[in-house]
2 protein chains.
Amino acid sequence: MIKLMAWQTELTRQRLLDAAVQEFAEFGGAGCRVDRIAKRAGISKERLYGYFGDKEALFTQVLRQELARLAAAVPLSDEQARDLGEYAGRVLRHHREHPALLRLLYWEGLERGGEAVVDELGRAGYYEEKVAAVARAQRDGYLTASISAAELMYAVIALAGWWAAAPQVCRILTGAVTPPGGRGDAAVPGEEAVVAMVRRMSVPDHGAGAVGR
Amino acid sequence: MIKLMAWQTELTRQRLLDAAVQEFAEFGGAGCRVDRIAKRAGISKERLYGYFGDKEALFTQVLRQELARLAAAVPLSDEQARDLGEYAGRVLRHHREHPALLRLLYWEGLERGGEAVVDELGRAGYYEEKVAAVARAQRDGYLTASISAAELMYAVIALAGWWAAAPQVCRILTGAVTPPGGRGDAAVPGEEAVVAMVRRMSVPDHGAGAVGR
DNA sequence: CCGAACTCCAACTGGATAGTTGGATCTTGA
DNA sequence: TCAAGATCCAACTATCCAGTTGGAGTTCGG
């Protein structure tokens, strides 16, 4: 008989995981503190080690779970791929609502980007699907063929998410210099602007484009 | 009489600073190790503390010096602002040749992005100049006016530099999944693609645009 | 009610690391 | 040749932090 896990164990585990996501997103792998995670979760450190083994394993777990979810978070059907700008807008909105995941992605990139990364094959699937959808939209004349599908996806992701990687530059760019000891807010680029930029860059080259008509 | 600094002191200092740039770029503020910096520089740790005080001060120094240089690195005259794509290409090339500085920028963004940042006012100047140049190019009809100058600059910087923030995603996007224990290379987007994307998004809206003709 | 598993907590260990110190050696200007 | 300051180096201290342990309280199934 399999143990039925009555009790709160699943909840406890989840609380720890959630706290870890927040902590890692805020401080990264090198800057985070196990004690802080436990305190944040309201769970004893002993439990954390009981469930996850060690900090490294917990980090890996967090990355695997959250970044796979992130890659799959904003779907892209063939239909939708015909207006990449709209898609970029949705990606931007998603990131704005879940900035922690975006930061997680960047920590992973800076701290471990050189090595093979957690669940690389699995995550690759999500991106491949989207690139393929874009390629089909190009083939059918809804998007320019003068830029590769992968590079169009690159542009979408970069434009929709760069602000979280360098918020200080965004603040400077928009002229919102942080004055007293105030915590400068995110300074996300305007959604309409991102939508417009991606549309303009991806629109078919001339004549009877099918997009928008 | 001012002390003339004969001796190698300036060189010693510079070696330490250079090593610190490399170390910080590689590991960030939380992950770097003072001993490693000293060893990398071939200078004793004692000297490092003699010159810079402590790790925090050294980090601040590195950020101030290198990131101000980075902001000023790729100039943008009014003339050049008329072809933003070409400018994006230059920025990309610069980043590709000095990836350490780009990583420095991202570490700063992730670790300290929320707070007011080193030399924010000084650095703002460099960006303001460029935004202003773009705005003039828009006013004169060389670039679309449908996207704000600041947001166009945002796009240029994001497209030219995002790859270093999330190299793992770039690797996945381009299908170059890291196989053995191999250190996956940077997977920088193609320069022509970036140039093309920025040109397409910034081209004047219709009719007698002055660009490229 | 009992035992097993869950939980807490505080104290502890061990290793890594920031920063210091003292003494030896070398460089340079006078 | 001398003094001052630059450099090295190895050892040292103090702290921080990951991970462990033991004991006590709690909650469930039976």
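Quick note: numbers below take in every heavy atom, side chains included, and nothing from hydrogens, waters or symmetry partners. Order of the sequence lines fixes the chain letters, A, B, ..., with proteins taken first and strands second; residue numbering starts at 1 for each chain.
Taking the nucleotide of DNA chain D with the nearest heavy atom to each of B:Lys45 and A:Val34, the more 5' of the two is matched to B:Lys45.
Rounding to whole angstrom units, CG of residue B:Asp54 and P of D:dA14 are separated by 19 Å. A:Ile37 has its CD1 atom 11 Å from the P atom of D:dG19, to the nearest Å. Whole-Å rounding puts the A:Tyr49 OH to C:dG14 C1' distance at 13 Å. Atom CZ in B:Arg33 sits about 17 Å away from atom P in C:dG15, given to the nearest Å. Distance CG (B:Leu16) to C1' (D:dA6): 13 Å, rounded to an integer number of Å. For the pair B:Leu11 CG and C:dT28 P, the computed distance is 12 Å after rounding to whole Å. Residue A:Asp35 contributes atom CG, which lies 13 Å from atom P of D:dT20 at whole-angstrom precision. Separating the CD atom of A:Glu10 from the P atom of C:dT7 is a distance of 10 Å, rounded to the nearest angstrom.
Using cut-offs of 30° and 60° for the angle between ring planes, the A:Tyr154 and B:Trp162 rings count as perpendicular.
In terms of phosphate contacts, A:Tyr51 brings a side-chain nitrogen or oxygen within less than 4.0 Å of OP1 or OP2 of C:dT7. The side chain of B:Thr9 places no N or O atom within less than 4.0 Å of a non-bridging phosphate oxygen (OP1 or OP2) of D:dG5. Side-chain N/O atoms of B:Thr12 include none lying less than 4.0 angstrom from OP1 or OP2 on D:dA6. Within the structure, every side-chain polar atom (N or O) of A:Arg47 is placed at least 4.0 Å from both OP1 and OP2 of C:dC8.
A cation-pi contact, defined as under 6.0 Å to the ring centre and within 45° of the axis, links A:Arg36 to A:Phe27. Seen from the ring of A:Tyr51, A:Arg47 counts as a face-on cation partner, given the 6.0 Å and 45° thresholds.
Counting heavy atoms from C-beta outward, B:Ser146 and A:Arg200 have side chains that approach closer than 4.5 Å.
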For residues 14-22 of chain B, run the donor-acceptor check on the side chains, cut-off 3.5 Å, and write out each pair with its distance to 0.1 Å, sequence neighbours left out.
unit_1	atom_1	unit_2	atom_2	d
B:Gln14	NE2	B:Asp18	OD1	3.1

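Judged by distance alone with a 3.5 Å cut-off, no donor-acceptor contact links the side chain of A:Lys55 to the base of D:dG19.
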